[in-house]
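If you read the sequence from its start, that first residue is 1, and numbering goes on from there.
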Amino acid sequence: MLWAGFLFGLLGSFHCVGMCGAIALALPGQPGAAWRFGAGRLLYNLGRVSTYATLGAGAGLLGQSLRLAGLQQSLSIASGVLILLLVAVPERYTARLANVLGLSRPLAWVKTTLARLFQQPSLGALYATGVLNGLLPCGLVYLALAGALSAPGVAGAAAYMACFGLGTLPLMLGLSLSGQLVPLLWRTRMRQAVPYAASLLAVLFIVRGLGLGIPYLSPQLGAGPAPTATAQPRTVHYCH
């Protein structure tokens, strides 16, 4: 399902432009050669990807513990249902999820540190800015993490979220390099398409969890191998 994470990130990057585009456009410049400017923008985006992969590993650890409890198929269905619920909830409420979880104080530290990093145009500071930016509340990231819950293992969930982050990279990197890359009308239309893409992803997780016996799409999870027939020794009768 890594391809699903990448495609979801690719489409969702239009949402990122609307929500985090201001940060990408306001990144401090790199003095000196042009390659340093491009390297700084790339490191900023790789910082985001690193954070997404780390969050994915945490989601994978939770998912792995649930699978060990024999809830593999239920977990896939629950991931799909959770994505649908996040799609149905307005963005302003998902943005408050961090406060509900008691993360307001850590988020205040993140924002304060980001403001300080913006005064340091070094390559390391730009990478750290991307790392911290990945921790800011974002409904799109919550949707991706809901899908990562049913990824196979901790490494699989981390890879799923890394692919999600890499999907957002082309547009976000282009935006930070060019200033304005996509007209406002197209950004608006693609952001409106994100809930439909998320709903399709949710349906895929639910169908996968149902174990309908459809190869690759909905295999029978947990089904043991079919018994193999053993050859019976053939009795030879001799006539006396």
Side-chain angles (χ1 to χ4, degrees), residues 2-58 95 106-107 109-145 147-148 155 157-194 197-198:
L2 296 181
W3 60 269
F6 180 81
L7 289 178
F8 185 56
L10 188 64
L11 180 60
S13 60
F14 289 88
H15 177 277
C16 297
V17 168
M19 300 301 295
C20 301
I23 296 178
L25 291 172
L27 291 173
Q30 283 293 106
W35 71 266
R36 288 182 60 85
F37 179 85
R41 268 55 185 168
L42 178 61
L43 284 172
Y44 161 76
N45 284 283
L46 291 179
R48 292 189 305 105
V49 176
S50 300
T51 298
Y52 297 153
T54 303
L55 293 174
L107 283 175
W109 175 85
V110 168
K111 294 177 181 179
T112 302
T113 307
L114 278 173
R116 187 168 63 251
L117 288 172
F118 263 72
Q119 309 303 319
Q120 306 173 26
S122 66
L123 295 178
L126 285 168
Y127 176 78
T129 298
V131 170
L132 293 178
N133 183 55
L135 294 174
L136 293 176
C138 176
L140 186 71
V141 175
Y142 299 155
L143 288 170
L145 285 172
Y160 177 89
M161 287 301 295
C163 288
F164 163 78
L166 291 174
T168 68
L169 193 146
L171 186 57
M172 290 298 293
L173 178 60
L175 177 69
S176 63
L177 289 173
S178 66
Q180 292 291 338
L181 186 65
V182 182
L184 177 61
L185 178 61
W186 278 100
R187 278 183 275 162
T188 302
R189 289 179 177 176
M190 296 307 295
R191 284 188 64 187
Q192 292 172 345
V194 169

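- Contact annotation: the side chain of V141 approaches that of L145 to within less than 4.5 Å [non-hydrogen atoms, C-beta and beyond].
- Contact record, M161 with A148: CG-CB, 3.9 Å, taken as the closest heavy-atom pair.
- Partners of T113 according to the side-chain contact (heavy atoms from CB on, under 4.5 Å) rule, which considers only residues two or more places apart in sequence or in another chain, are W109, R116, L117, L132.
- Contact check for P137 versus Y142: side-chain heavy atoms found under the 4.5 Å cut-off.
- With sequence neighbours excluded, the residues satisfying side-chain contact (heavy atoms from CB on, under 4.5 Å) with A57 are V154, A158.
- Looking at residues two or more places apart in sequence or on another chain, you find no side-chain hydrogen bond (donor to acceptor under 3.5 Å, both in side chains) involving T54.
- Shown here for L27 and R41, the closest heavy-atom pair between the two residues is O-NH2, 2.9 Å.
- Closest non-hydrogen pair, A157 versus G56, comes out as CB-O, 3.1 Å.
- The shortest heavy-atom contact between L175 and A24 is CD2-CB, 4.4 Å.
- Y127 approaches S50 most closely through the heavy-atom pair OH-OG, 2.9 Å.
- For T129, there are no side-chain hydrogen bond (donor to acceptor under 3.5 Å, both in side chains) partners at least two apart in sequence or on another chain.
- Residues L46 and L169 have side chains in contact (heavy-atom distance under 4.5 Å, counting atoms from C-beta outward).
- S13 contributes no side-chain N or O that, together with a main-chain N or O of T168, makes up a donor-acceptor pair within less than 3.5 Å.
- We find the CG-CG distance between L2 and L7 to be 11.0 Å, quoted to the nearest 0.5 Å.
- Residues that satisfy the side-chain contact (heavy atoms from CB on, under 4.5 Å) test with I23, not counting sequence neighbours, are Y44, F118, N133, L136.
- For Y52, the ring pair (Phe, Tyr, Trp, His ring centres under 6.0 Å) test picks out F164, with sequence neighbours left out.
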